[in-house]
Participant: 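Take this structure first; my questions come after.
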Amino acid sequence: MNFDLSDEQKMLAEQARGLLAERVPFDRLRQLIDAHAEWDEPLWRELGSMGFLGANIPEEHGGLGLSELDLAMISQELGRANAAIPFASSIVLAADAIRLAGSDAQKAEWLPKLATGEVVGCFAYAEGPGDLLGSRVRFDQGKLTGTKHPVADAGVATIAVVQVGEALALARLSQPAVTRTRLDSFDQLRPHFRLQFTGAEAELLPRSGQIATLFDRAAAQAAFEAVGAAEACLHMARDYAMERQMFGRPLAGYQAIKHKLADLAVAVEMARSNAFYAGWAAADAHDELPAAAAAARLTAISAFEMGARENLQVHGGIGYTFEANCHFYYRRERTHAVALGNREHWAERLIANTPGSQTSKMSRGAA
Amino acid sequence: MNFDLSDEQKMLAEQARGLLAERVPFDRLRQLIDAHAEWDEPLWRELGSMGFLGANIPEEHGGLGLSELDLAMISQELGRANAAIPFASSIVLAADAIRLAGSDAQKAEWLPKLATGEVVGCFAYAEGPGDLLGSRVRFDQGKLTGTKHPVADAGVATIAVVQVGEALALARLSQPAVTRTRLDSFDQLRPHFRLQFTGAEAELLPRSGQIATLFDRAAAQAAFEAVGAAEACLHMARDYAMERQMFGRPLAGYQAIKHKLADLAVAVEMARSNAFYAGWAAADAHDELPAAAAAARLTAISAFEMGARENLQVHGGIGYTFEANCHFYYRRERTHAVALGNREHWAERLIANTPGSQTSKMSRGAA
Amino acid sequence: MDFNESPAEAAFRAEATAWLAANAPRHEIPEGVMLDDVEEVVRGRAWQRALYDGGYAGITVPKTLGGRGGTGIEAVIFAEEEARYNLPKGPYIGIGLGMALPVIGKHGTPEQIAAYAEKTLKGELTWCQLFSEPSAGSDLANLRAKAVRDGDSWIVNGQKVWSSWAHRSDMGILVVRTDATVPKHKGLTFFVVDMKTPGIHIRPIRQISGASDFNETFFSDVGIPDANRIGGVGEGWACCMTVLMGERLNQGGERGGIETLIAYAEATPRGSGTALDSGSVRLALAQALAEEQASKSFQARLRTMVSRGENPGALAGMVKLAFARRYQQASGLALELRGLDAMAPAEGDARTREIQHDYIWSTVIRIAGGADEVLRNQIAERVLGMPGEVRMDKDVPFEQLK
Amino acid sequence: MDFNESPAEAAFRAEATAWLAANAPRHEIPEGVMLDDVEEVVRGRAWQRALYDGGYAGITVPKTLGGRGGTGIEAVIFAEEEARYNLPKGPYIGIGLGMALPVIGKHGTPEQIAAYAEKTLKGELTWCQLFSEPSAGSDLANLRAKAVRDGDSWIVNGQKVWSSWAHRSDMGILVVRTDATVPKHKGLTFFVVDMKTPGIHIRPIRQISGASDFNETFFSDVGIPDANRIGGVGEGWACCMTVLMGERLNQGGERGGIETLIAYAEATPRGSGTALDSGSVRLALAQALAEEQASKSFQARLRTMVSRGENPGALAGMVKLAFARRYQQASGLALELRGLDAMAPAEGDARTREIQHDYIWSTVIRIAGGADEVLRNQIAERVLGMPGEVRMDKDVPFEQLK
């Protein structure tokens, strides 16, 4: 048994972290917000040219053919850097959807371009407040009708994978029957859009029943993203507390701060452990993925929530200024907590996939 | 506006507290446990002879005719002392049930004896695990059939008020068609019993529809009991921490302990504030009682739970010994948390009685 | 226990209600209108003048200072009735009445009282607070801005932060270090300063909410006459305590009501029902609501104490501590139960935007006016009598501290 | 990442499985049989002897001490397989192997190793731990029991608490103060003591659970030969650290599994369904289960570190800290969802009684082997590198401390 990342994975993470530290200092994020930018395009191009975007796309489709756990190293570092690129939308969701549910022709057409970043995809599921998956958008005779919102990263996307009931449809966004409206996003570094389809041309991805698996796989990546971000919050808070003097000694010497950050450190390690397991299950143990992904998502949300809130709290008043860096995570965290389904959603999935419970037996019987 | 106890109420509480401090030192509780006693009978007799038991029973029925808020002073002090008497069973539940739902004849027969403590009543509602109110015990042609368990204090009771569907029946326990079996109670100072009725003679209390009100009124008293107990835990923990030296200074000087007890102090004051309001509503504002009682119960459970757990934690290893006094509250607290309905039950009642919500409108429409 | 008002209180409420009905409407800001801050201050001054003329400016302010000399309960009653109108009241008025006036009244000379009290009550002087510094927040006595005596004046240099509305204030209350050779809380002196004095430079702080309600204020060789000194040289700490004690009693609980979140959950579709059908949502919101109710009753208890002349002290911090946590948790939960839509609501969804704002503003509530950790310390020490923190800086001259 | 065992590990597991199948059954304690403690120790010694003869006593104990000299992973594998049988293993064996042997092996003389190691591995010597005192729990170095040199012996006086199974142990590991003129952690010395020495008096502690697993041990002029001293005079603290570090790695997570609580909720009727239909129950139990899964994976990460020879240090305390909280909260929740019946279940309801016991036992888990607060300090200091606590006692001679 070896429950650790491989040396190659550690190296991949380190490489990504180094690059991002250089390209995405916090001032860069402030610039992007001030410019009302939709993304950090140069970063996207660079990651594409270095092969990072295609990490887990099969080699036959122009990717590196690495595992989900390798991809997770990139997710984790993007979370840590709070980078403003459509990685989750395009790679973790759109490309993976095509890979899971698409025809050979669809894969051949889109995966190579998604792998290089030349084409950006987005993934449309919500239809306003409430349920995770929308129920009103229709696909009929090759045409999509209805409204999806919010949809992350739709502004820079060439294609959208659109959830329609149990099915997934693929549409180009440049056609006249598609209207994109940028919404005012709480997370200023992750723009969301309204996508209105008025009889837009689209094609189905032929394999249905893949949505739950797609979300499980995305949940594993999101868990790594959250671990990276929560750890960034932990370190930021620790470093600030070490520096800041309060009543003649470092803030970090006060038990209230020590214990707060110790609890956060535990939450981060718990989230990391579940993320490891979910990443491994995504790559190598598909049967275990539903429970592993649900557990990973629950602990990741808790850790990042605590990290985002308490990091700002430790900073005190300065943490409330735009010049400080706490707010990037404070906003991103809520986005993380609701994208792909909130705690309640994943709690249901975990209970349903827990051996021994009747609920589980029933669900599995029905599945 | 005057949101405080009256001087008379404060004096009543002080009087009860003084008496209990003298009669119920913790060693007395240990004695009772070792003797496997069903109650602290001398204490009961003394409280009866002093009029405490009949505090809120109308004067025409032999009580003092005081208000529910006056009665609450006694509940609070009994909670603080962790006394082993059937006050909640006999006064707060059985006598109040007869008062709310009984006929004039029933009131005249039982209330005077309950007021002096000469007769002890118990109140039977649960029927095993699960729902708050049982649904299987039957009343038919003057006879009770079925099993109620657990029933607190049934061993020393002369009569039981038995919930049967929406109705309440009154039965004497000395008849052959009633079997009492003492169960092994988690709270060693509050014995519980199984009451088996095999065609036992009983009579209905004629006014139906009083059960919810009975529980609301009992919830207000339970909230005061919990406030007394939680405050006892707070003070016990504080005093121990002030005394105990750790690494050369008092344990009470460590921020982890200070903040733990500060949070507990806040919880106690919040619970007290809601208890005040619920006690006042029980006496003077019946319309507001359902929401006030529910809120009081929710904050009381939280405060006592925190108090019972963290008091023992502050004591460290010594807290785990029978010689220390933390365990009385640790066991009593869980009993408090489930008797009269758990948090979920009262959360439902609060939401249903919150102005503005549709749920509330529907419930009130239906009521 | 009696929730009914005493006859005197009821009479006061009737009188206040009538006066407000006659005077408040023409000062109201219409729903949906956003004033710029210059205009808002103009309107605020006018309303304050109307209050003064009506005898309702500074209800608890002693008559000797020009106030009404009323009771705490009367102030609460008036505030409740006043809150029925959308009137221009903000820090530009509140700081003068709630902070400047008490400190000048208690520590000022008769000349100072004459110079400032009535004008402040009339809305002719607006005030800002110049206490906090980048390195002096919870540890206020750690401040570094300093004043050096120069004949009949003091020359002030340094930087202050978190001064609300400083750019629209006539005057500031200021505390600075005048002696670095004594322990830190002993070397402070308190001043009032005319904000138009040369050398004062005000820069808005960009906040994470996007707004800039707060400022940084820089002092470069700013001359302040010694006549503006409040209290003795080196007695600034006591003046600060007067100000901060006044602040503590008026906190918590205005925003973020739980009932609106219950309605929000019920307005959020889920399956064939609403998000309020979820047992976990119901339990969490019910617990928050129960605590909110408790806070209201607790505040009523505190007011009862105040009306008797008792000082609730650190008990008052409990309301704020509980509110701050509940405010962040409940607004965070509301966003979560709403789903992805909460992160980018439709254009007309003002409710979600308000909750987003609450979730951000809650971070300030947890920090300003006594951070969570500071309040817990105060409760442990002052309510429970537990020992103070180990202090490394207490008897050390300020200049020798790191 | 690879959950499959290496060929060597798989081979070891196969070997262990086969050996256990051949040997363990005749040592098993049948389901439902409660042995008295004398009998349990007899059976425990016999099984330990069988392990020794089979080459499985002290799998990670170096061969020089008579152990197997195997890897940490082998120990884990063997423990997993051994746990399939209901064997007599308890503190009477565990303290000897896990505490006495490491400290004697590291700090003892060759003569001491010869005297104790093999006998302990064979189950011929059982051990108890005599560290804690009424005034020395988390602050172990505050202990007061003392030994005074008397020729070739030491005379010990004082009181120890929380010594599991002291009344059935052959030997004890003991730390006492031998010099009160130096700071508190410098004046300690470590001994092994024959528990039959005159002057040792053992009194069971009555616990809140009703059981008496722990003892108080009183020493009245107990003579211990200097040959029983482990390490130098005044080096007792280092010996204690060796013992306690060994303890930390093996904690948490055996009892109170969340899956059984999910089944319990599902077996509790509510309305026309079960308590598991409640959304708040489902959310709370799912979160606990997710954390439990995380702890299992986290322990696998720690074992991986150990198998590489890395020391997880304070990371290991995280598992215990999380477990303690989860264990109390989840067992408390289970009682609550059960309703009043949980407080006095029917006679045959063993499951509820177990959960009651868990709820009580969780208080010990939060305290023993590193209290919550101690573990948080360790994590903050050793994992995050934050400053240590302000120590008033560090350089003060013990006799001058209050």
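Keep in mind that the numbers below use all heavy atoms, side chains included, and drop hydrogens, waters and symmetry copies. Each chain gets a letter, A, B and so on, in the order its sequence line appears, and its residues count up from 1.
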Participant: Once rounded to the nearest 0.5 Å, what's the spacing between atom CD of C:Q299 and atom OG of B:S273?
Facilitator: 9.5 Å
Participant: Taking all atoms of both residues into account, what is the closest heavy-atom pair of C:P387 and B:P250, and its distance?
Facilitator: CG-CG, 4.4 Å
Participant: Output the distance between atom CD (B:E344) and atom CZ (C:R282), rounded to the nearest 0.5 Å.
Facilitator: 10.5 Å
Participant: Within a strict 4.5 Å, meaning less than it, do heavy atoms of the B:F276 and C:S297 side chains meet?
Facilitator: no
Participant: Relative to chain C, which of B:A265, B:S6, B:A292 shows the most heavy atom pairs under 4.5 Å?
Facilitator: B:A265
Participant: Please state whether the side chain, the backbone, both or neither of B:R343 comes within less than 4.5 Å of a heavy atom of chain C.
Facilitator: both
Participant: Quick check: do B:D263 and C:L321 have side-chain heavy atoms less than 4.5 Å from each other?
Facilitator: yes
Participant: Identify which of B:L5, B:L350, B:L298 forms the greatest number of heavy-atom pairs closer than 4.5 Å to chain C.
Facilitator: B:L350
Participant: For B:R297, is it the side chain, the backbone, both, or neither that has a heavy atom closer than 4.5 Å to a heavy atom of chain C?
Facilitator: neither
Participant: Provide the closest heavy-atom pair for C:L283 versus B:A347 in the form atom of the first, atom of the second, distance.
Facilitator: CD1-CB, 3.7 Å
Participant: Decide yes or no for C:L289 and B:I351: does some side-chain heavy atom of the first lie under 4.5 Å from some side-chain heavy atom of the second?
Facilitator: no
Participant: Could you measure the distance from the CG atom of B:D4 to the CZ atom of C:R301? Nearest 0.5 Å is fine.
Facilitator: 7.5 Å
Participant: Which atoms of B:S302 are under 4.5 Å from chain C, going by heavy atoms: the side chain, the backbone, both sets, or neither?
Facilitator: side chain
Participant: Using 0.5 Å steps for rounding, measure from the CD1 atom of C:I262 to the OG1 atom of B:T354.
Facilitator: 4.5 Å
Participant: Would a 4.5 Å heavy-atom cut-off, applied to side chains only, mark C:N377 and B:H259 as touching?
Facilitator: yes
Participant: Going by side chain to side chain donor-acceptor pair (under 3.5 Å), name the residues that satisfy it together with C:Q293, two or more places apart in sequence or in a different chain.
Facilitator: none
Participant: Ignoring hydrogens, what is the shortest heavy-atom contact between B:V266 and C:A322? Give both atom names and the distance.
Facilitator: CG1-CB, 4.2 Å
Participant: Side-chain contact test, heavy atoms from C-beta onward, threshold under 4.5 Å: evaluate it for C:M386 versus B:I257 and give yes or no.
Facilitator: yes
Participant: Using a 4.5 Å cut-off on heavy atoms from C-beta on, say whether the side chain of C:R376 contacts that of B:K258.
Facilitator: no
Participant: Output the option from B:Q255, B:M242, B:K260 having the highest count of non-hydrogen pairs under 4.5 Å with chain C.
Facilitator: B:Q255
Participant: So which residue, B:L264, B:I301, B:L261, ends up with the most heavy-atom pairs under 4.5 Å with chain C?
Facilitator: B:L261
Participant: What part of C:V76 is in contact with chain B, defined as an atom under 4.5 angstrom from a non-hydrogen atom: side chain, backbone, both or neither?
Facilitator: neither
